2 protein chains.
Amino acid sequence: MTENIVQKLRDDIENGILTNQFAPGDRLDEMQLAKQFGVSRTPVREALMQLSAIGLIEIRPRRGAVVVEPGPHRIYEMFEVMAELEGMAGSLAARRHTDADRTELLAAHGRCEQSANADDADAYYYDNELFHRAIYIASHSSFLIEQCSALHRRLRPYRRLQLRVRNRMKTSYSEHAGIVEAILSGEAERARTLLRQHIAVQGDRFSDLVATLAQREARAG
Amino acid sequence: MTENIVQKLRDDIENGILTNQFAPGDRLDEMQLAKQFGVSRTPVREALMQLSAIGLIEIRPRRGAVVVEPGPHRIYEMFEVMAELEGMAGSLAARRHTDADRTELLAAHGRCEQSANADDADAYYYDNELFHRAIYIASHSSFLIEQCSALHRRLRPYRRLQLRVRNRMKTSYSEHAGIVEAILSGEAERARTLLRQHIAVQGDRFSDLVATLAQREARAG
DNA sequence: ACGTCCATTCTTGTATACAAAATAGTTGAC
DNA sequence: GTCAACTATTTTGTATACAAGAATGGACGT
């Protein structure tokens, strides 16, 4: 019965939001959640406040908590910032990576290759996360690692949607190859540019995003 | 007696931390704070959790909350990320600024000039915040504005320390001039580079930071 | 005399009770 | 018949009570 209750609640509710179990716009009732998880309102409230701090829900005074729907433009902005932060991480990684980082990055890249060849979207989704995480870690900036991880986590559901687009997996993997090469050869600016382009939702990819969002909306509605 | 109590507590405690009233390493006792502010422990706990989410304090299970001391390297990393985000904001501002943004930016720049000429560090500190905020807003990316504002706020006390360094105010103002010119003339990449350099704690400025931190530490200790 | 173990106390974590505000439903008036 | 106002219910916000774990101090043993 330690503080873990709040952590568990936070993770469970967050998961529920990310898996669309709690759809955007839904009201999160404290009493209902408390009953559902068999705890009192107190830890539920604390968990909700943490989610509010992350930005997943919005708590309006005396009006309760609702799941936030970012909207396509907002999501675009978030990817825009993510692109810049990842570019920075790549740039630092190119300059600072150690032998261990190099090994880890190549291993993650190899796993992505396998998943892409097997055409396994779920596996690629997971391996891709580890690939990017390897870059963050190679930047050797603990604060940047935290910032990147937080935003990456926040964008997780939309990243998953993007993989649905035809050939995105293969394209993504081939972009990874260039990024790995740039980082390991120490070309900081090239790593930055390639990562920026890899993340950014530009041109066609924005309409793809809007389209997949609309699909999900229809399915949930 | 609305939810404002938590907000007020959060702001007051945050202010106490930023003004070194609660020094790094201090334990924040829930009951003591509750008595001090004339409320119960419940809103105090919620305020502390929000501060924990911001990163100002750390809550260890069953061990209470302590004020975080980032340490010079950590602060350096935070400025490093801030530099990149501000550079991004400047780049976007150069491309997207409206006439209203232009007016606001020039006004803020003018106020900085007055404060710098008057050698008024407190006024410059305040006007400088508005100057940078004007750039964020001119980027027209609501998410970036939020991210920049949050990190700017987090770095506020150290920014203040930096102004103590001899001539930093005048130097800062002259850097602003170049930034304004780059943004208003639409030179995105130059705006990015200048802002990056303006923010980054490079070379001598890092030792300056460490020195002023040590001074503050000695004064508080 | 010093170290270790146990008990007491203090603090955090959770539940419940109480208060205040917002929403919804009903009734009355135009 | 529709709109508005008032009341009742639901739900959030705060306080207090209770439980459990950690820190501290004393006593006992070596």
Side-chain angles (χ1 to χ4, degrees), chain A residues 1-17 20-70 220-221, chain B residues 1-17 20-70 220-221:
Chain A
M1 297 289 176
T2 86
E3 157 88 51
N4 301 346
I5 285 184
V6 173
Q7 295 289 358
K8 182 175 163 26
L9 282 172
R10 190 176 68 73
D11 290 348
D12 282 359
I13 299 173
E14 179 176 3
N15 238 322
I17 294 174
N20 233 20
Q21 195 172 343
F22 300 115
D26 278 7
R27 248 172 64 82
L28 295 176
D29 188 62
E30 295 177 0
M31 294 229 280
Q32 183 185 320
L33 288 169
K35 209 180 291 183
Q36 184 175 330
F37 288 99
V39 295
S40 85
R41 275 176 55 221
T42 310
V44 171
R45 281 181 63 83
E46 298 195 345
L48 289 180
M49 289 191 54
Q50 291 195 18
L51 292 175
S52 167
I54 297 173
L56 273 177
I57 68 177
E58 194 177 346
I59 299 181
R60 288 167 307 178
R62 292 272 177 201
R63 315 261 321 254
V66 296
V67 179
V68 165
E69 169 58 297
Chain B
M1 296 296 168
T2 85
E3 157 88 51
N4 300 347
I5 285 185
V6 172
Q7 295 289 355
K8 182 175 162 27
L9 283 172
R10 189 176 68 73
D11 290 347
D12 282 359
I13 299 173
E14 179 176 4
N15 238 321
I17 295 174
N20 233 22
Q21 197 172 342
F22 300 115
D26 278 7
R27 246 172 65 85
L28 295 176
D29 187 62
E30 293 177 2
M31 291 229 281
Q32 184 186 321
L33 287 170
K35 210 180 290 180
Q36 184 176 330
F37 288 98
V39 296
S40 85
R41 275 176 54 219
T42 311
V44 171
R45 281 180 65 82
E46 297 195 346
L48 289 180
M49 290 191 55
Q50 290 195 18
L51 292 175
S52 167
I54 297 174
L56 274 177
I57 66 176
E58 194 177 347
I59 299 182
R60 289 168 306 179
R62 291 273 177 201
R63 313 260 326 253
V66 294
V67 179
V68 164
E69 170 58 296

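For clarity, every value in this text was computed on a predicted model and none was experimentally measured. Chain letters run A, B, ... following the sequence lines, proteins first, then strands; residues in each count from 1.
- One atom, CD of A:Gln7, and another, P of C:dT12, lie 17 Å apart when rounded to the nearest Å.
- Across the protein-nucleic acid pair, B:Met49 atom CE and C:dG13 atom P stand 9 Å apart, rounded to whole Å.
- Side-chain N/O atoms of B:Arg27 include none lying less than 4.0 angstrom from OP1 or OP2 on D:dA22.
- We find that CZ of B:Arg62 is positioned 17 Å from P of D:dT24, with the value rounded to whole Å.
- For the pair A:Arg10 CZ and C:dG13 P, the computed distance is 15 Å after rounding to whole Å.
- Positionally, the nearest nucleotide of DNA chain D for A:Gly64 lies more toward the 5' end than for the other of A:Gly64 and A:Thr42.
- In the set D:dT16, C:dA22, D:dT11, the nucleotide with an atom closest to the side chain of B:Ser40 is D:dT16.
- Note: CZ (A:Arg60) to C1' (D:dG13) measures 16 Å, nearest angstrom.
- Here the nucleotide nearest the side chain of B:Arg45, chosen from C:dT12, D:dT12, D:dT14, is C:dT12.
- For D:dG13, the base has a donor-acceptor partner in the side chain of A:Arg41 [N/O atoms by modelled type, under 3.5 angstrom].
- Of the listed nucleotides (C:dA15, D:dA23, C:dT14), C:dA15 has the atom at the smallest distance from the side chain of A:Val39.
- For A:Ile57 against A:Ala65, the heavy-atom pair with the smallest separation is CD1-CB, 3.9 Å.
- What you find for A:Pro43 and A:Ile5 is that their closest heavy atoms are CB-CG2, 3.8 Å.
- In this structure, of C:dT11, D:dT12, D:dT16, it is D:dT12 that holds the atom nearest to the side chain of A:Asp29.
- Proximity note for B:Glu30 (side chain, C-beta onward) versus D:dA22, C:dG13, C:dA15: the nearest is C:dG13.
- Checking D:dA23, C:dA22, C:dT11 against every side-chain atom of B:Arg63, the shortest atom distance belongs to D:dA23.
- For the pair B:Leu48 and B:Glu30, the tightest heavy-atom approach, listed with the atom from each and the gap, is CD1-CG, 3.9 Å.
- B:Phe37 CZ to B:Leu9 CG: the interatomic distance, rounded to the nearest 0.5 Å, is 6.0 Å.
- Expressed to the nearest 0.5 Å, how far CD1 of A:Ile13 lies from CD of A:Gln21 amounts to 10.5 Å.
- In this structure, the NZ atom of A:Lys35 is 15 Å from the C1' atom of C:dA15, given to the nearest Å.
- A straight line from NZ of A:Lys8 to C1' of C:dG13 spans 17 Å, rounded to a whole angstrom.
- The side chain of A:Ile5 sits closest to C:dT14 out of C:dG13, C:dT14, D:dT14.
- Look at CD on B:Glu46: it is 13 Å from C1' on C:dT14, rounded to the nearest Å.
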